[in-house]
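Working notes, beginning with the structure itself.
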Amino acid sequence: MTLLALKKLLSRQNPLMSRSHGACLMAFMLVFFVQSQAFAGHILVTGGAGYIGSHTCCELLKAGRRIVVVDNLVNSCEDSVERVKEITGCASGALEFRNLDLLNLEGLDDLFKEYSFDACIHFAGLKAVGESVSQPLRYYHNNIVGTLNLLEVMNKYKCKNMVFSSSATVYGDPEKLPITEDQRLQATNPYGRTKLFIEEMLRDQHTADKDWSILILRYFNPIGAHESGRIGEDPLGIPNNLMPFLAQVCVGRREVLSVFGSDYPTPDGTGVRDYIHVVDLAEGHVAAVDRMMEARSECGKSLGCVPVNLGTGRGVSVLELVKAMRDASGKEIPIKMTDRRPGDVAALYTDPAFANRFLKWQATRGVKDMCDDTWRWQSRNPFGYRKAPEPDTTLNICREIEETVGFQGLTMHNILY
């Protein structure tokens, strides 16, 4: 039923109904109509087969959303999408998957012809800091051009609600702690700059068209896994982040954990970071979509273009995390203390007050939950979504990769998503 038809229907006054009651009913039905229209379509999740994307899909389905996942599977696996369906027991058609690269503009256009989208959660993009330094042009082309294509198609089909997966890397070396949304932006590597440039693109688009509603979520160090142990972080090659490397040491895939720097001005001398459970982070994305759609349904207005930090507000040191993982796994974790690396900072953590207030969201899971869930995932899936290599080749392959790259026991504990 169209809005005009609804008005005509309600304008036919029932003689048994008072004028005031009729006005109230009409107002109620109009509100219902607007809200139902606001939530009528799908949510597009780019990069939804990845680590954070797959967990966000679980929470979206739990919230009753219908979603379409697009992913080129360069750094992910379609099996994660199938496991999301298993975990949620979602109805047929509630979760659709398309193997699609955002660089494929024609394919994106076809997708928007096929589905009506209420909003987009944009995760897709290359994200390894070290790789971005050695391959900057690849990162600029993939992340920025892919996002440009997405924005052009969204604009064409009048889907003007976006939640963008940004990163705390846009703050660089922060001016003060805890980090608030109004601090200076100063990304220090190509990956971080792609996030920052995309943020600028989004701000410019909103300036040009105030109907766009954009929430930029800057988060810190997501770790953990779904409590079922069915989905979790599955990096290709040598992990670039502390927790997946730590988990692989626990499960026997890596021999030793190197800790870079033991003389920082922190309680135990090791770097401190704001680790957030990936499910808390996923719930933050759902809260962002809800906040955006509620604004549309209540007053038909855009929220603007708003950055929001997602974190716990509590810093955890490398050694604290190692101890918690040792407790969760019951495994001894060999560690090797090494020198600091250039560019590393002592501590990074956020002030989550704005997210708590604006999104009505708060991280509730602690370090124990993060480690327990990580170990459940890793112990049940030692090689992630992939089958284990032949026993006599596994260690040789790992050593060959490490020798080629030039690192052994690599742990880039300061890298942020």
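Note that this is a predicted model, so its numbers are computed, not measured.
Residues Leu348 and Leu177 share a closest heavy-atom pair of CA-CD2, 4.0 Å. The two residues Cys120 and Thr46 have their closest heavy-atom pair at SG-CG2, 4.0 Å. The heavy-atom pair separating Leu303 from Ser213 by the smallest distance is N-OG, 3.1 Å. Pairing each heavy atom of Asn381 with each of Gly229, the nearest pair is ND2-O, 3.0 Å. In terms of heavy-atom proximity, Asn240 sits nearest to Ala128 at ND2-CB, 3.2 Å. Residues Thr188 and Arg193 approach most closely at C-NH1, 3.6 Å, considering heavy atoms.
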(request) Quick one: do Ile335 and Leu319 satisfy side-chain contact (heavy atoms from CB on, under 4.5 Å)? Show the steps, please. (result) CA-CA 10 Å; Ile335 63 174; Leu319 292 184; 3.9 Å; yes

(message) Evaluate Met162 against Leu150 for side-chain contact (heavy atoms from CB on, under 4.5 Å), listing each step before the verdict.
(response) CA-CA 10 Å; Met162 173 177 275; Leu150 177 63; 3.7 Å; yes

(request) Output, in order, the C-alpha distance, side-chain angles, deciding distance and verdict of side-chain contact (heavy atoms from CB on, under 4.5 Å) for Met325 and Thr374. (result) CA-CA 9 Å; Met325 196 61 187; Thr374 296; 3.7 Å; yes

(request) Run the numbers on Ile52 and Leu281 for side-chain contact (heavy atoms from CB on, under 4.5 Å), then give the verdict. (result) CA-CA 8 Å; Ile52 304 170; Leu281 186 58; 3.9 Å; yes

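A distance of 6.5 Å separates CG in Leu359 from CG in Leu215, rounded to the nearest 0.5 Å. Summarising the geometry, atom CG belonging to Asp204 is positioned 11.0 Å from atom CG belonging to Leu151; distances are rounded to the nearest 0.5 Å. One distance of note links CD of Glu200 with CD1 of Ile144; it measures 11.0 Å at 0.5 Å rounding. Note: Ser297 OG to Asp290 CG = 10.0 Å, rounded to the nearest 0.5 Å. Atoms CD and CG, from Glu78 and Asp71 in turn, are 9.5 Å apart once rounded to the nearest 0.5 Å. A distance of 5.5 Å separates NZ of Lys160 from CG of Asn155, quoted to the nearest 0.5 Å.
Judged by distance alone, the side chains of Asn161 and Trp212 never bring a donor and an acceptor atom under 3.5 Å apart. The closest side-chain donor-acceptor pair between His277 and Asp373 falls under 3.5 angstrom. Side-chain contact annotation: Tyr139 with Glu131, donor-acceptor N/O pair under 3.5 Å present. Counting only N and O atoms by type, the side chains of Thr147 and His122 include a donor and acceptor under 3.5 Å apart. Counted by atom type alone, Asp268 and Ser317 present one or more donor-acceptor pairs between their side chains at under 3.5 Å. Using modelled atom types and a 3.5 Å distance limit, the side chains of Tyr349 and Asn309 yield no donor-acceptor pair.
Looking at heavy atoms from C-beta onward, Tyr275 lies out of side-chain contact with Val367 at the 4.5 angstrom threshold. Counting only heavy atoms from C-beta outward, the side chains of Ile67 and Glu96 never approach each other to under 4.5 Å. Contact of the Asn72 side chain with the Leu103 side chain is not registered, since no non-hydrogen atoms from C-beta on lie closer than 4.5 Å. Using a 4.5 Å cut-off on side-chain heavy atoms (C-beta onward), Leu257 and Leu242 make contact. In this structure, the side chains of Leu310 and Trp361 come closer than 4.5 Å at one or more pairs of heavy atoms. Between Arg203 and His206 the shortest side-chain heavy-atom distance does not fall below 4.5 Å. Within the 4.5 Å cutoff, side-chain heavy atoms of Gln183 are placed close to those of Lys176. With contacts defined as side-chain heavy-atom distances shorter than 4.5 Å, the pair Tyr191/Val133 does not qualify.
Of the possible polar contacts, none joining the Asp274 side chain to the Phe220 backbone as a donor-acceptor pair under 3.5 Å is found. Asn149 places a side-chain N or O within donor-acceptor distance of the main-chain N or O of Leu102, the cut-off being under 3.5 Å. When atom types are taken as modelled, the side chain of Arg66 and the backbone of Gly93 share no donor-acceptor pair closer than 3.5 angstrom. Of the possible polar contacts, none joining the Glu233 side chain to the Ala225 backbone as a donor-acceptor pair under 3.5 Å is found. Side chain of His42 to backbone of Leu44: no donor-acceptor contact under 3.5 angstrom is found. The main-chain N or O of Leu126 is found under 3.5 Å from a side-chain atom of Asn143 such that the two form a donor-acceptor pair. Here the side chain of Ser80 pairs a donor or acceptor atom with the backbone of Ala49 at under 3.5 angstrom. Looking only at distances, no side-chain donor or acceptor of Thr312 sits under 3.5 Å from a matching main-chain atom of Ala363. For Ser132 (side chain) and Pro136 (main-chain N/O), no donor-acceptor pair under 3.5 Å exists by modelled atom type. Under a 3.5 Å cut-off, the side chain of Asn356 and the backbone N or O of Pro352 do form a donor-acceptor pair.
With respect to Glu59 and Arg65, no salt bridge is recorded, no charged nitrogen being found less than 4.0 Å from a carboxylate O. Ion pairing between Arg218 and Glu181 fails under the 4.0 Å rule for side-chain N and carboxylate O. Ionic pairing of Arg83 and Glu86 is not present here: no N-O contact between side-chain nitrogen and carboxylate oxygen is shorter than 4.0 angstrom. A salt bridge is absent between Lys195 and Glu199: the closest approach of a Lys/Arg side-chain nitrogen to an acidic carboxylate oxygen does not fall below 4.0 angstrom. Ion pairing between a basic and an acidic side chain is recognised when a charged N comes within 4.0 Å of a carboxylate O; Arg376 and Asp372 show no such pairing. Of the charged side-chain nitrogens involved, none lies within less than 4.0 Å of a carboxylate oxygen, so that Arg365 and Glu227 do not count as a salt-bridged pair. Ion pairing between a basic and an acidic side chain is recognised when a charged N comes within 4.0 Å of a carboxylate O; Glu114 and Arg98 show such pairing.
Around atom CG of Asp339, no more than 12 heavy atoms belonging to other residues, nucleotides or ligands sit under 6.0 Å away. Within a 6.0 Å radius of NZ in Lys85, other residues, nucleotides and ligands contribute more than 12 heavy atoms.
The salt bridge (charged side-chain N to carboxylate O under 4.0 Å, His left out) analysis of residues 351-362, with sequence neighbours excluded, yields no pairs.
Every residue meeting the ring pair (Phe, Tyr, Trp, His ring centres under 6.0 Å) condition with Phe112, not counting sequence neighbours, appears here in chain and number order: Phe117, Tyr157. Residues passing the ring pair (Phe, Tyr, Trp, His ring centres under 6.0 Å) test with His285, sequence neighbours excluded: Phe123, Tyr219.
Under a cutoff of 6.0 Å and an axis angle of 45°, Arg340 and Tyr264 form a cation-pi pair.
Side-chain rings of Phe383 and Trp377 stay apart, their centers remaining 6.0 Å or farther from each other.
In summary, of the residues considered (Arg273, Arg326, Arg314), a salt bridge (charged side-chain N to carboxylate O under 4.0 Å, His left out) with Glu320 occurs for Arg314 alone.
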